[in-house]
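The structure under discussion appears below in the form of structure tokens.
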4 protein chains.
Amino acid sequence: MQNLVILAGNIGQDPESRTTINNTRITHFTLATSRPRYAEGKVLRDKDGYRVQETEWHRITCFNGLGKTVEQHCQKGMKVLVRGRIHYTKWTDREGIERYSTEIIAETVDFLSWPKREDDSRGANDPDDEIPF
Amino acid sequence: MQNLVILAGNIGQDPESRTTINNTRITHFTLATSRPRYAEGKVLRDKDGYRVQETEWHRITCFNGLGKTVEQHCQKGMKVLVRGRIHYTKWTDREGIERYSTEIIAETVDFLSWPKREDDSRGANDPDDEIPF
Amino acid sequence: MQNLVILAGNIGQDPESRTTINNTRITHFTLATSRPRYAEGKVLRDKDGYRVQETEWHRITCFNGLGKTVEQHCQKGMKVLVRGRIHYTKWTDREGIERYSTEIIAETVDFLSWPKREDDSRGANDPDDEIPF
Amino acid sequence: MQNLVILAGNIGQDPESRTTINNTRITHFTLATSRPRYAEGKVLRDKDGYRVQETEWHRITCFNGLGKTVEQHCQKGMKVLVRGRIHYTKWTDREGIERYSTEIIAETVDFLSWPKREDDSRGANDPDDEIPF
DNA sequence: TTTT
DNA sequence: TTTT
């Protein structure tokens with residue numbers, strides 16, 4: 001049954017890709033989402049009066065074509081909207097310790113801001129642009 | 001049961017507000033979402049090679065505090081993320097014709113871009129800023 | 001940009017299908033979602049103390065393969081989870097009056113209950129079962 | 001910015017609650033969501049022809065009133081729809097090993113099926129029923 | 001590690 | 001009516 005995640009946030013690091021032995025292209029990036037922190041129903045503020053943010057860092061995984069697109073057009077600092085699903089992994093590390101990790105497998109990634117690099121500044125509607133969003 | 005809408009798009013016109021006779025503040029704005037148009041599984045392009053966009057115009061309704069915030073900080077052209085629910089209305093117009101309309105009742109509105117006006121450029125984290133997002 | 005709808009509710013009538021002149025199969029059904037009605041921040045109750053429900057009736061549209069599946073396995077009264085997008089249509093009726101309608105174009109439909117008819121009672125995991133959910 | 005999760009699935013174990021030293025009531029349950037497993041774009045089937053399911057087990061956390069409601073009305077095997085957000089935790093266990101865990105902080109929990117126990121069979125619309133959904 |  |  002449905003396992004759906006929607007995240008709107010900022011990319012923490014430029015995406016990184018690798019290819020598995022079965023020739024699947026896997027691309028990863030991290031995404032920060034933030035919300036105001038509350039205490040007793042009120043927004044918390046720091047000593048200067050600024051709202052305290054609570055940031056979650058999500059690990060996003062893209063496969064194949066979507067990964068290729070993300071690799072080409074997404075970079076650190078950009079705002080994106082990710083739709084995907086949560087996936088949990090359990091494995092045993094070299095010391096024999098059981099480890100758990102969580103990732104968001106992306107189905108779509110939409111731009112909410114534009115790349116800063118010159119060579120990516122063509123815009124989403126450029127005829128040569130292969131961005132699906 | 002659940003009736004949930006998530007929209008990320010651009011505001012079409014500055015929000016407008018009115019107060020009902022029971023003293024409820026109602027704020028409206030329109031929001032454009034777009035997606036590439038497809039035909040036979042392929043993205044459609046115009047004669048210049050640009051991807052053809054299919055735009056939906058949503059009518060967004062906010063009540064009370066959320067409406068006040070939107071009225072103060074949202075303006076034409078800004079990108080926002082709306083979470084809410086769909087609501088349908090049926091009424092009879094002056095000519096006695098049955099009319100239907102659809103609106104999205106917003107529960108949250110998040111900024112994805114910043115206002116262009118000087119006086120709103122303080123940033124989301126300003127201590128005087130009452131934006132809940 | 002994103003236009004996403006999630007609806008969990010009950011099917012109002014058995015789905016109906018037609019084929020367009022370009023050979024697209026279109027399947028429609030109606031879906032009821034409900035929520036408690038509120039007044040002054042409190043759940044409204046009727047004279048017997050039961051919570052007053054506010055029901056929205058959504059018009060759901062499915063294309064091609066998804067429509068075929070829905071037609072075969074969904075029926076009046078079943079609970080389903082629909083993921084899709086909102087689409088608005090404007091047209092002029094025979095009297096020359098401008099009409100508007102709204103529909104939810106489904107991308108996925110998941111079962112939350114089982115069909116009542118004998119011939120559909122095989123369960124989602126039957127090897128002959130072509131339900132994608 | 002937005003961090004939104006929608007899960008529709010089955011409860012794995014009866015919910016369990018505890019109260020923190022600051023008097024916050026915390027209720028936990030596990031939720032299974034499943035999807036067909038794919039390989040090379042096709043649904044995988046086992047040797048008997050049944051579709052292979054990929055199940056994710058989510059840890060759901062509810063606070064205060066929502067937790068109380070869940071504790072009273074949700075039980076193992078029920079189908080529910082959870083809306084919430086992802087939260088990641090990092091801590092050091094007794095052996096000094098860094099551990100990570102992920103939980104879904106629920107904002108709403110909707111019933112998609114009914115409890116099996118006699119004493120809970122009153123239905124969602126019973127006047128004595130405090131279920132907010 | 002991002003962003004305002 | 002927005003945006004690229």
Side-chain angles (χ1 to χ4, degrees), chain A residues 7-16 28-36 45-46 48-60 73-82 110-116 120-129 131-133, chain B residues 7-16 28-36 43 45-46 48-60 73-82 110-116 120-133, chain C residues 1-3 88 90, chain D residues 1-3 88 90:
Chain A
L7 304 172
N10 299 297
I11 295 179
Q13 291 294 310
D14 286 353
E16 292 182 359
H28 289 289
F29 63 93
T30 54
L31 189 74
T33 59
S34 40
R35 63 193 291 276
R45 290 173 186 275
D46 64 22
D48 299 318
Y50 288 90
R51 284 181 283 126
V52 179
Q53 296 286 326
E54 186 173 287
T55 298
E56 302 288 351
W57 282 100
H58 309 269
R59 176 175 169 78
I60 313 292
H73 300 281
C74 292
Q75 56 189 244
K76 180 176 168 174
M78 279 178 62
K79 249 182 237 312
V80 292
L81 183 66
V82 171
D110 289 359
F111 276 153
L112 299 173
S113 67
W114 298 99
K116 282 159 196 165
D120 261 338
S121 61
R122 295 164 299 161
N125 227 1
D126 190 291
D128 291 341
D129 192 344
I131 310 180
F133 37 74
Chain B
L7 304 172
N10 299 296
I11 295 178
Q13 291 294 309
D14 286 353
E16 291 181 1
H28 289 290
F29 63 93
T30 55
L31 189 74
T33 59
S34 39
R35 62 193 290 278
V43 169
R45 289 172 188 276
D46 63 21
D48 299 317
Y50 289 90
R51 284 181 283 127
V52 179
Q53 296 285 326
E54 187 174 286
T55 299
E56 302 288 351
W57 282 101
H58 310 269
R59 176 176 169 79
I60 314 291
H73 301 281
C74 292
Q75 56 190 245
K76 180 177 168 173
M78 278 177 63
K79 250 182 236 312
V80 293
L81 183 65
V82 171
D110 288 0
F111 277 154
L112 300 174
S113 67
W114 299 98
K116 282 158 197 166
D120 261 339
S121 61
R122 295 163 301 160
N125 227 1
D126 190 291
D128 291 341
D129 191 345
E130 289 309 324
I131 310 181
F133 38 73
Chain C
M1 252 173 298
Q2 285 276 149
N3 167 352
Y88 307 96
K90 180 186 175 177
Chain D
M1 252 174 297
Q2 285 274 149
N3 167 353
Y88 306 96
K90 181 185 175 177

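What you see is a predicted model; the values in this text were computed from it and never measured. By convention in this document, chain letters (A, B, ...) are assigned in the order of the sequence lines, proteins followed by strands, and residues within each chain are numbered from 1.
Using a 4.0 Å heavy-atom distance criterion, A:T55 is classed as a base contact.
Rounding to the nearest 0.5 angstrom, the gap separating the CD1 atom in A:I60 from the CG atom in A:L31 is 5.0 Å. Note that the OG1 atom of A:T33 and the CG atom of B:D110 stand 10.5 Å from one another [nearest 0.5 Å]. The OG1 atom of A:T55 sits 12.5 Å away from the OH atom of D:Y88 when rounded to the nearest 0.5 Å.
Between B:K79 atom NZ and E:dT3 atom C1' the separation is 16 Å, expressed in whole Å. Computed from coordinates, the A:N10 CG to E:dT4 C1' distance equals 9 Å when rounded to whole Å. One atom, CD of D:Q2, and another, C1' of E:dT2, lie 17 Å apart when rounded to the nearest Å. In this entry the distance linking NE2 of B:H73 with C1' of E:dT4 reads 14 Å, nearest Å. A straight line from CE of A:M78 to P of E:dT4 spans 13 Å, rounded to a whole angstrom. In this structure, CG of A:D14 is placed 11 Å from P of E:dT2, rounded to the nearest angstrom. Distance, A:R45 CZ to E:dT4 P: 19 Å, rounded to whole Å. In this structure, CD of A:Q75 is placed 14 Å from P of E:dT2, rounded to the nearest angstrom.
Nearest to the side-chain atoms of A:T30 among the listed nucleotides E:dT1, F:dT3, E:dT2 stands E:dT1. Distances from the side chain of B:K76 to the nucleotides E:dT1, E:dT3, F:dT2 place F:dT2 closest. For B:Q13, taking side-chain heavy atoms from C-beta onward, the closest of the listed nucleotides E:dT3, F:dT1, E:dT1 is F:dT1.
Considering only residues two or more places apart in sequence or on other chains, B:Q13 meets the side-chain contact (heavy atoms from CB on, under 4.5 Å) condition with B:T30, B:K76. B:E16 is linked by a salt bridge (Lys or Arg N to Asp or Glu O under 4.0 Å) to nothing, counting only residues two or more places apart in sequence or in another chain.
Under the stacking definition used here (centres under 5.5 Å, planes under 30°), the residue A:W57 qualifies as stacked on the base of E:dT1.
No N or O donor and acceptor, one from the side chain of B:S34 and one from the base of F:dT3, sit under 3.5 Å apart.
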